[in-house]
Asker: 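Take this structure, written in structure tokens, and hold onto it; I'll ask about it next.
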Number of protein chains: 2
Amino acid sequence: MTTTPSTDVPGVRELAARHGIPVDRGCAAAEATSEVRSVLDRVGDKWSVLILGTLSGGPQRFTELLHGVDGISQRMLTLNLRQLERDGLVSRTVHPVVPPRVDYALTDLGATLLPPVLALVEWALENTGTIRNHRDGFDSRRAAAG
Amino acid sequence: MTTTPSTDVPGVRELAARHGIPVDRGCAAAEATSEVRSVLDRVGDKWSVLILGTLSGGPQRFTELLHGVDGISQRMLTLNLRQLERDGLVSRTVHPVVPPRVDYALTDLGATLLPPVLALVEWALENTGTIRNHRDGFDSRRAAAG
DNA sequence: CGGAATCCACAAGGATACTG
DNA sequence: CAGTATCCTTGTGGATTCCG
């Protein structure tokens with residue numbers, strides 16, 4: 001195939017055009033500069049997705065999240081929750097009791113983020129085998145060459 | 001379920017169940033261990049999405065990508081392309097000419113990844129304003145408190 | 001031209017200890 | 001309980017140089 005990908009890829013330019021984004025040289029500049037980056041960062045973040053996924057089952061307290069999200073440190077949980085709260089994806093409600101009780105929950109905005117993320121997760125699940133095969137092939141080819 | 005988010009979030013558990021993933025404590029363990037992580041990592045990666053997006057317009061040579069993806073270093077481009085190639089998302093064809101010519105293109109698999117990613121990008125574009133508002137509010141509240 | 005190798009700066013993140 | 005503060009190790013990525 002010399003010129004175009006065999007599967008017609010929908011969307012990149014159309015999407016950009018619909019949102020008034022100048023598509024110069026593969027729309028790289030547009031994505032890099034905008035806040036789109038920060039959203040993608042959060043998705044790529046090891047913990048954010050896990051936290052969001054956990055909260056999709058209902059509100060949780062700090063300690064519940066700490067034990068629910070496997071392997072996260074207290075520090076990282078705090079930092080991530082602050083980020084998510086700052087973006088309005090997660091709400092934080094402090095109950096003025098002693099000992100302190102803080103509940104975290106998905107906001108409406110946070111809930112709308114989940115489906116696109118899950119679509120991505122589903123893609124990953126569906127193509128795990130294919131990807132694994134590619135990697136194995138790539139690695140053994142490398143081993144043979146190296 | 002006694003306490004649910006106001007918007008009903010579709011999917012997390014159903015998705016897991018469909019793929020035979022044990023959902024213990026918010027499906028955190030499942031996601032953390034599988035190769036789903038590596039896919040999300042690539043999406044969160046600053047450059048991968050940009051490269052994929054650029055290649056959606058058709059094959060490109062190394063140098064074209066280097067200049068097309070704004071701000072990327074030679075090293076990072078090489079590293080990212082290797083990753084993408086290893087996963088079978090991008091193809092690499094070397095033309096035995098001098099000076100060397102190497103073309104990179106989206107594979108069929110790579111093309112199928114784009115729509116989910118674009119869905120996410122679209123979400124980001126649609127909610128940029130809302131997020132910005134949340135951040136501003138959060139920051140000014142912090143400033144007032146601090 | 002398309003890389004690979006080396007060096008280095010800085011940021012991310014874990015562990016631990018302390019506090020309201 | 002729900003954090004904050006500090007330390008310290010590791011990873012990440014840019015700049016530079018060299019090579020087929």
Side-chain angles (χ1 to χ4, degrees), chain A residues 28 31-32 37-38 40-51 54-55 59-86 90-105 138-139 141-143 145-146, chain B residues 28 31-32 37-38 40-51 54-55 59-86 90-105 138-139 141-143 145-146:
Chain A
E31 283 193 345
R37 232 344 44 246
S38 64
L40 294 185
D41 283 345
R42 206 127 302 132
V43 172
D45 188 84
K46 184 177 182 180
W47 303 118
S48 298
V49 242
L50 261 31
I51 295 174
T54 302
L55 287 179
Q60 307 245 341
R61 327 180 33 170
F62 186 84
T63 321
E64 289 179 314
L65 284 171
L66 191 57
H67 295 93
V69 179
D70 203 62
I72 197 173
S73 66
Q74 200 178 41
R75 174 187 153 87
M76 279 302 101
L77 181 56
T78 304
L79 259 43
N80 272 280
L81 284 172
R82 287 291 166 281
Q83 272 307 145
L84 295 170
E85 186 195 356
R86 189 173 107 102
V90 158
S91 67
R92 176 174 180 270
T93 44
V94 184
H95 298 92
V97 295
V98 35
R101 177 195 177 95
V102 180
D103 281 337
Y104 291 92
F138 184 88
D139 291 346
R141 247 174 281 130
R142 288 238 126 182
Chain B
E31 284 193 345
R37 215 30 351 268
S38 65
L40 294 185
D41 282 345
R42 205 125 307 131
V43 172
D45 188 84
K46 184 177 180 180
W47 303 119
S48 298
V49 237
L50 261 30
I51 295 173
T54 302
L55 287 178
Q60 306 245 341
R61 321 180 39 166
F62 186 84
T63 321
E64 288 179 316
L65 284 172
L66 191 57
H67 295 92
V69 179
D70 204 62
I72 196 172
S73 67
Q74 200 179 41
R75 174 186 154 88
M76 280 302 102
L77 182 56
T78 304
L79 260 44
N80 273 279
L81 285 172
R82 287 290 166 281
Q83 273 305 148
L84 295 170
E85 187 196 356
R86 191 172 105 101
V90 157
S91 69
R92 176 173 179 269
T93 44
V94 183
H95 298 90
V97 296
V98 33
R101 178 197 176 93
V102 181
D103 281 338
Y104 290 92
F138 184 88
D139 291 347
R141 248 174 282 129
R142 287 239 126 182

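What you are looking at is a predicted structure, and each value in this text was computed from that prediction instead of being measured. Protein chains get the first letters and strands the later ones, always in sequence-line order, with residue 1 at the start of each.
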Asker: Report the distance from atom CE of M76(A) to atom C1' of dT9(D), rounded to the nearest whole Å.
Answerer: 14 Å

Asker: Under 3.5 Å, which protein N or O atoms sit close to an N or O of nucleotides 3-6 of chain C? Give each pair with its distance.
Answerer:
{"from": "dG3(C)", "atom 1": "OP1", "to": "R82(B)", "atom 2": "NH2", "distance (Å)": "3.0"}
{"from": "dG3(C)", "atom 1": "OP1", "to": "R92(B)", "atom 2": "NE", "distance (Å)": "3.2"}
{"from": "dG3(C)", "atom 1": "OP1", "to": "R92(B)", "atom 2": "NH2", "distance (Å)": "2.5"}
{"from": "dG3(C)", "atom 1": "OP2", "to": "Y104(B)", "atom 2": "OH", "distance (Å)": "2.5"}
{"from": "dG3(C)", "atom 1": "N7", "to": "Q74(B)", "atom 2": "OE1", "distance (Å)": "3.4"}
{"from": "dG3(C)", "atom 1": "N7", "to": "Q74(B)", "atom 2": "NE2", "distance (Å)": "3.0"}

Asker: In whole angstrom, give the distance that lies between atom CG of D70(B) and atom C1' of dG14(D).
Answerer: 15 Å

Asker: Can you check side chain to side chain contact (heavy atoms under 4.5 Å, CB included) on L65(A) and F62(A), steps first, answer last?
Answerer: CA-CA 5 Å; L65(A) 284 171; F62(A) 186 84; 6.0 Å; no

Asker: Only one of L77(B), V90(B), T54(B) forms a side-chain contact (heavy atoms from CB on, under 4.5 Å) with Y104(B), so which one is it?
Answerer: V90(B)

Asker: Just the rounded figure in Å: distance from C1' of dT4(D) to CG of L77(A).
Answerer: 14 Å

Asker: Which residues pass the salt bridge (charged side-chain N to carboxylate O under 4.0 Å, His left out) test with R82(A), sequence neighbours left out?
Answerer: E85(A)

Asker: Figure out the CG/C1' separation between L65(B) and dC1(C), and round it to whole Å.
Answerer: 13 Å

Asker: Decide side chain to side chain contact (heavy atoms under 4.5 Å, CB included) for L84(A) and R92(A); before the verdict, give the C-alpha distance in whole Å, the side-chain angles of both, and the deciding distance to 0.1 Å.
Answerer: CA-CA 10 Å; L84(A) 295 170; R92(A) 176 174 180 270; over 6 Å; no

Asker: On DNA chain C, check which nucleotide each of S73(A) and P99(B) is closest to and give me the residue with the more 5' one.
Answerer: P99(B)

Asker: Taking only side-chain N and O atoms of R61(A), does any of them lie within less than 4.0 angstrom of OP1 or OP2 on dA2(D)?
Answerer: yes

Asker: Take the protein atom CG of D41(A) and the nucleotide atom P of dA11(C), then report the distance between them rounded to whole Å.
Answerer: 15 Å

Asker: I need the L40(B) CG to D45(B) CG distance, nearest 0.5 Å.
Answerer: 12.5 Å

Asker: Between E85(A) (CD) and dG3(D) (C1'), how many Å, whole number?
Answerer: 13 Å

Asker: In whole angstroms, how far is the P atom of dC1(D) from the CD atom of E64(A)?
Answerer: 11 Å

Asker: The criterion is salt bridge (charged side-chain N to carboxylate O under 4.0 Å, His left out); which residues satisfy it with R101(B), sequence neighbours excluded?
Answerer: D103(B)

Asker: Rounded to whole angstroms, how far apart are NZ on K46(B) and C1' on dA11(C)?
Answerer: 13 Å

